[in-house]
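When reading the values below, keep in mind they use all heavy atoms of this one structure, side chains included, and skip hydrogens, waters and symmetry mates. Lettering of chains follows the sequences in order, A, B, ..., and the numbering in each one begins at 1.
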Amino acid sequence: MNFSNQLIYWYLNNRRDLPWRNTTNPYYIWLSEIILQQTRVDQGMNYYFKFVENFPTVNDLAAAPEEEVLKLWQGLGYYSRARNLHFSAKYIVNQLNGVFPSNYSEIIKLKGVGDYTASAISSICFNEPMAVVDGNVYRVLARYFGINTPINTSKGIKEFKKLAQQLLNKEDPATNNQAIMEFGARMCKPQNPDCNSCPLNSSCSALAKNNIKDLPVKEGKLKVRNRYFNYLVIETDENTTKIVKRKKGIWLNLYEFPLIETLKPINENELIEHETFSNLFGLNNVSVKLFNNKIKPHKLSHQHIYAKFWIIKIANSLNYKHSWEDISKYPVPILINNFLNEYKSDYFF
DNA sequence: AACCCGTGGTA
DNA sequence: TTACCAAGGGT
C-alpha cells in the first residue's frame, strides 16, 4: 500500500464523527472550513452549531446584518473571517443566484478562501483532485519525507503543495485530504506524536533520524508589540454609557468603550490632562476611578495589550445613550466582554 | 516578503 | 511562566 492509501486505511478506522463529516453541502463545508482556520476542532464546534442553526442557508447568512454575524463569531478571534464570510455570502446570493460555486477556480474567488480552503471544499464537495496543505500536512510530510525546507517561505509553500498533489489519491481526494489532516491532528501531533502505534513508523524519515522535534522547519520569529489602552467607561446619572465601533486594525467593526491609547502606561493625572480626555469631557465635572489596579496583559499572537478601565462618572448624559443592557447585543472583543462580566455581572447572568 | 489579524490549549 | 501553535488569508 502506498503512502496515501495507508493514511486512508488508518483514517477509515480512526476518524472522529464530526458534524461536517456527515454532509457534502458546500455551504456547510465552507462554514466549517472558515471556522476551523487556525482553530482547534474543540474550540470551533459550538460556533459551527450556532451558525448552522441561525443561518441554515447561504441566503439566511447573506440577509443578516454584519453585527449579528460578528456577535455570533464573538470569542472565536480572527474576525476578518466573519466579515469575509458574510461578504462572500452576499456575493453568492447576489452575483451567483445563490448557487455555491462548484470548482476550485471559482471557489477561491470568495473572500476569505485561499488555496487550502478552496482545495478542501472542491475535493470534499465536488470530488475535485486538489490536495489540501494545512499545518497538519506540512508536519506529516516534513517528518515522513525528511523535508527541511521552511514551510513559511514561498519555496516551501510550492514544494509542499507539489508533493501533496503528487501523493493525492485522485480517485478519492475527499477521503485522502481528510485522512492526512486527521492523521496529523491525532497521530503525528506537534508534540509527543504517537510513533509507537503509527502505521508509517517503519518508513518515517524523522523517526529514523530522531529529528521529529525539529520538523517542520519554520523561519523567523514574530515580534510582540506592547500597547497601552485606557478605556473610558462612562457612568452617567441616568445609568447610561457609551461604546464605539472600531474603525481600523484589530477587532475591526467590533465595539469597545472610548479609547485613549498611549505609548507608555499612564496614571490618573496624565489621563485627565490628555488631549482626547479634555476634548471629550471639556469643563464637565467628572470623577475618575481606575477599575482594575492589577493590569493583566491581554495576549494576542503579536500584541500584548495592557488595558486600564477608567470609570468616569458624569452628570450629563446627553452624548451617552447606551444602556448597559443594550451593550450585550453588540459584538465586543473578549477583553471587553471579560470586563463587562466583572463589572456588571448583575446584568448578564 | 513581511506583517497583520484572536483566542485558548498544552508542555 | 514562557513558548508554541491550531483544518489560513489578506495586504
> Who are the side chain to side chain donor-acceptor pair (under 3.5 Å) partners of Trp251(A), not counting sequence neighbours?
Replying inline: none
>> Let me spell it out: for each of Asn84(A) and Ser32(A), pick the nucleotide of DNA chain C with the closest heavy atom. Which residue's pick is nearer the 5' end?
In response: Ser32(A)
Heavy atoms only, 4.0 Å cut-off, all strands: where does [X] land among base, sugar-phosphate and nothing?
{"X": "Trp20(A)", "value": "base"}
{"X": "Thr117(A)", "value": "sugar-phosphate"}
{"X": "Asp42(A)", "value": "nothing"}
{"X": "Ile108(A)", "value": "nothing"}
{"X": "Thr153(A)", "value": "nothing"}
{"X": "Val137(A)", "value": "nothing"}

Can you give each donor-acceptor pair under 3.5 Å made by side-chain atoms of residues 151-158 of chain A, sequence neighbours left out, with the distance rounded to 0.1 Å?
residue, atom, partner, partner atom, Å
Asn152(A), OD1, Glu219(A), N, 2.8
Asn152(A), ND2, Glu219(A), O, 2.8
Thr153(A), OG1, Pro150(A), O, 2.9
Thr153(A), OG1, Gly156(A), N, 3.1

> Hey, where on DNA chain C does chain A first and last touch, going 5' to 3'? Cut-off is any atom under 4.0 Å from a heavy atom.
Replying inline: dT2(C) to dG10(C)
>> List the residues meeting ring-ring contact (aromatic ring centres under 6.0 Å, His included) with Phe281(A), not counting sequence neighbours, and say none if there are none.
In response: Phe277(A)
>> If the condition is ring-ring contact (aromatic ring centres under 6.0 Å, His included), which residues does Tyr104(A) pass it with, not counting sequence neighbours?
In response: none
>> By the ring-ring contact (aromatic ring centres under 6.0 Å, His included) test, which pairs, at least two apart or in different chains, include something from residues 23-67 of chain A?
In response: Trp20(A)-Tyr48(A), Trp30(A)-Phe100(A), Phe51(A)-Phe55(A), Phe51(A)-Trp73(A)
>> Quick test of your reading: applying ring-ring contact (aromatic ring centres under 6.0 Å, His included), list the pairs with at least one residue in residues 191-219 of chain A, sequence neighbours left out, ordered by first then second residue.
In response: none
>> Short of 4.0 Å, heavy atom to strand atom, which residues of residues 138-151 of chain A count as contacting DNA chain B?
In response: none
> Could you state the CD1-P distance from Ile157(A) to dA2(B), rounded to the nearest angstrom?
Replying inline: 12 Å
> Which letter, B, S or -, goes with each nucleotide of nucleotides 3-8 of chain B from 5' to 3', with contact meaning a protein heavy atom under 4.0 Å?
Replying inline: SSBBBB
> What integer number of Å spans the P atoms of dG9(C) and dG8(B)?
Replying inline: 22 Å
>> Suppose you measure atom C1' in dC3(B) against the same atom in dA7(C); what distance do you get, rounded to whole Å?
In response: 23 Å
>> Using 30° and 60° as the class boundaries, would you call the ring planes of His322(A) and Tyr330(A) parallel, tilted or perpendicular?
In response: perpendicular
> Is the shortest heavy-atom distance from the side chain of Arg143(A) to the side chain of Pro193(A) under 4.5 Å?
Replying inline: yes
For [range], pull every pair meeting salt bridge (Lys or Arg N to Asp or Glu O under 4.0 Å), keeping only residues two or more places apart or in separate chains.
{"range": "residues 29-44 of chain A", "result": "none"}
{"range": "residues 275-298 of chain A", "result": "none"}
{"range": "residues 3-15 of chain A", "result": "none"}

